[in-house]
Amino acid sequence: MDSRRPPLAPAFRSLPEYVRHWAETTPDRRAFTFVDHPAPQSRGVHRTLTWRRLDLRVRAAAARLAAEAEPGERVAVLCPQGTEYVTAFLGALAARLVAVPLYPPGLPGQGDRLSAVLADASPAVVVTTSQVLAEVEELCEGRAVRVVAVDRIPDSAADDERPPSTPDATAVAYLQYTSGSTRTPAGVEITHANVVANARQALSAYGADARPATCVGWLPLYHDMGLVLSVAAPVVRGLLSVLMDPVAFLHEPVRWLRLLAAYPSALSAAPNFAYDYCASAVTEAQKAGLRLDGVLALINGSEPVRPGTADRFHAAFAAQGLVPETHCPSYGLAEATVFVSAARPGEPLRGFALDRDALAAGKALPARPEDPRAVLLAGCGAPAGQRVRIADPVSRVAPAEGEVGEIWVQGPNVGRGYRNRDRQTRQVFGAVLADTASGPGAWLRTGDLGTVLEGQLIVTGRLKDLIVVDGRNHYPQDVEATAQEAHPAVRRDRLAAFGVPGGAGERVVVVAEHARTVPLADIDVPALVRTVRAAVSARHGLRLADVVLVPPGAVPRTSSGKVSRTSTRERYLAGAYAVESEG
């Protein structure tokens, strides 16, 4: 029998030590459950590992991997979503190897990235499962790498007499490759101490450090948030983690909500689009019998977090008992393991209406929410066990309160740097404030712009994505929000605004997918383009040089599902899109 409250966890230096601890103290408690959906109408098949069973499988995987590679060598994890992914990842850590969380071949649009990451990481071993073994072996042909199927490692491989040695807390545990939304993916070196610290920070921020909770997630485990929230945090706290496949969520979003309802004090995370998707796609019949009043916290860690999305989501499921205060806008990045700041559950969502013209000039001045020229942004709470400063990206001076600057972070969760990129590591991880008295030591430059108002971190955009026209700053996500609200045929959160060189300065382009529910033949494209142009001109004082409507799936996304403005811009400049606009 499971008791609701796990015992308090002692302080260990690595995730494998926590696995061993829970296996010794609570061996029969459930550790990880994967909910498979083998058929379209499936309600889910649950497969569970207890802490005893997890420990056995981790030790078996560690013994096999240790026989294949030397300590410090890389192990690429190319497993499908499931408990085998967890045991492969933790087994690599227990063997004192460096895990590289990735995905099997075949993820749409990510083949080139997978090959690039494998080339950069140069793993000695690739670990996968028998389900995708043939595809992985084909991918690895010609590479000096050994392939191991973790589910074919027998239990007897675990050496009970010689358990794996304890990893050094300062050693690299895994390489978290950046999503590539603004640059070529780089491997962030996350130490054992980093991931344990960030797991504890997340548990504290979301109220799961001293109360019962269940981690429920469909985010892919190769993504930083999926890995920390669905693996690291439950391992540190001894909580049950319930996993499902991202594809199962996309096919039937109600499956996620059913798991939130089925498990007590559910803690889960999703990007902004997922909440909009649930609000629009879950039917009234599917809502019947669904109770969401027991949900602990729903993390929205997207870029950007839109206050209107939270309102729509909670309006859609208010009758199911969902409490608005469960919505927790959050901010993080791979270089900080993942979590940096978060709104706390139980507190009202803080929305801020800011003057668009002032924001373009780098000042966060209040505006009336009903003003059509106001920018509505969600507060991402306070830092979780770390320090955040706003700094001018050029002078390194901390601006006055309410002024926009680059977000800098300092804490035990900040990674060691980028693998084999010393110059970039010094630039990004070694920043120093001009006034060192206000924040001594090295800081992480996030590349994100933001400000602090009323104790809330507000993220306004990415420094590299900023569009500058006639000396005025424009945030691309702000232009995108206007464009998608202008016409119902524009697919939400599947569009990119960016600047391109022009004869008299930067020109602004919007590339947008049309909604799946509307065939292209039924859309008056010139009228849509005129409507989008007029809306952007009226709200931003900005003339769009081009509006391109493309089929669903044509706007490239990163491995974590975010729109890649950089890749979209490159495709546009290369002439990859058939221009269906007024020119």
Are [X] and [Y] close enough for a salt bridge, meaning some N to O gap below 4.0 Å?
X      : Y      : result
Arg96  : Asp168 : no
Glu347 : Arg344 : no
Asp209 : Arg237 : no
Arg64  : Glu68  : yes
Asp155 : Arg53  : yes

Side chains of Thr309 and Asp276, donor plus acceptor under 3.5 Å: yes

Polar side chain donor-acceptor pair, Ser268 to Trp256, under 3.5 angstrom: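 The criterion, which ignores hydrogens and geometry beyond distance, is satisfied for Trp256 and Ser268.
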
From CA spacing to verdict: side chain to side chain contact (heavy atoms under 4.5 Å, CB included), Val100, Val75: CA-CA 6 Å; Val100 186; Val75 176; over 6 Å; no

Arg494 charged N/C atom sitting above Phe273 aromatic ring, 6.0 Å / 45°: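 Yes, a cation-pi geometry holds between Arg494 and Phe273.
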
Evaluation steps, side chain to side chain contact (heavy atoms under 4.5 Å, CB included), between Val172 and Arg416: CA-CA 8 Å; Val172 177; Arg416 209 165 71 170; 3.2 Å; yes

Test item: Thr460 and Leu377 side chains (from C-beta on) under 4.5 Å apart, heavy atoms: yes

Contacts of type side-chain hydrogen bond (donor to acceptor under 3.5 Å, both in side chains), residue Tyr263, not counting sequence neighbours: His46

For Arg419, all residues meeting side-chain hydrogen bond (donor to acceptor under 3.5 Å, both in side chains), sequence neighbours excluded: Ser122

Ring geometry between Trp22 and Trp51 (parallel below 30°, tilted from 30 to 60°, perpendicular above 60°):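 Rings of Trp51 and Trp22: tilted, as their planes differ by 30° to 60°.
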
Sub-6.0 Å ring centroid separation between Tyr418 and Phe429: yes

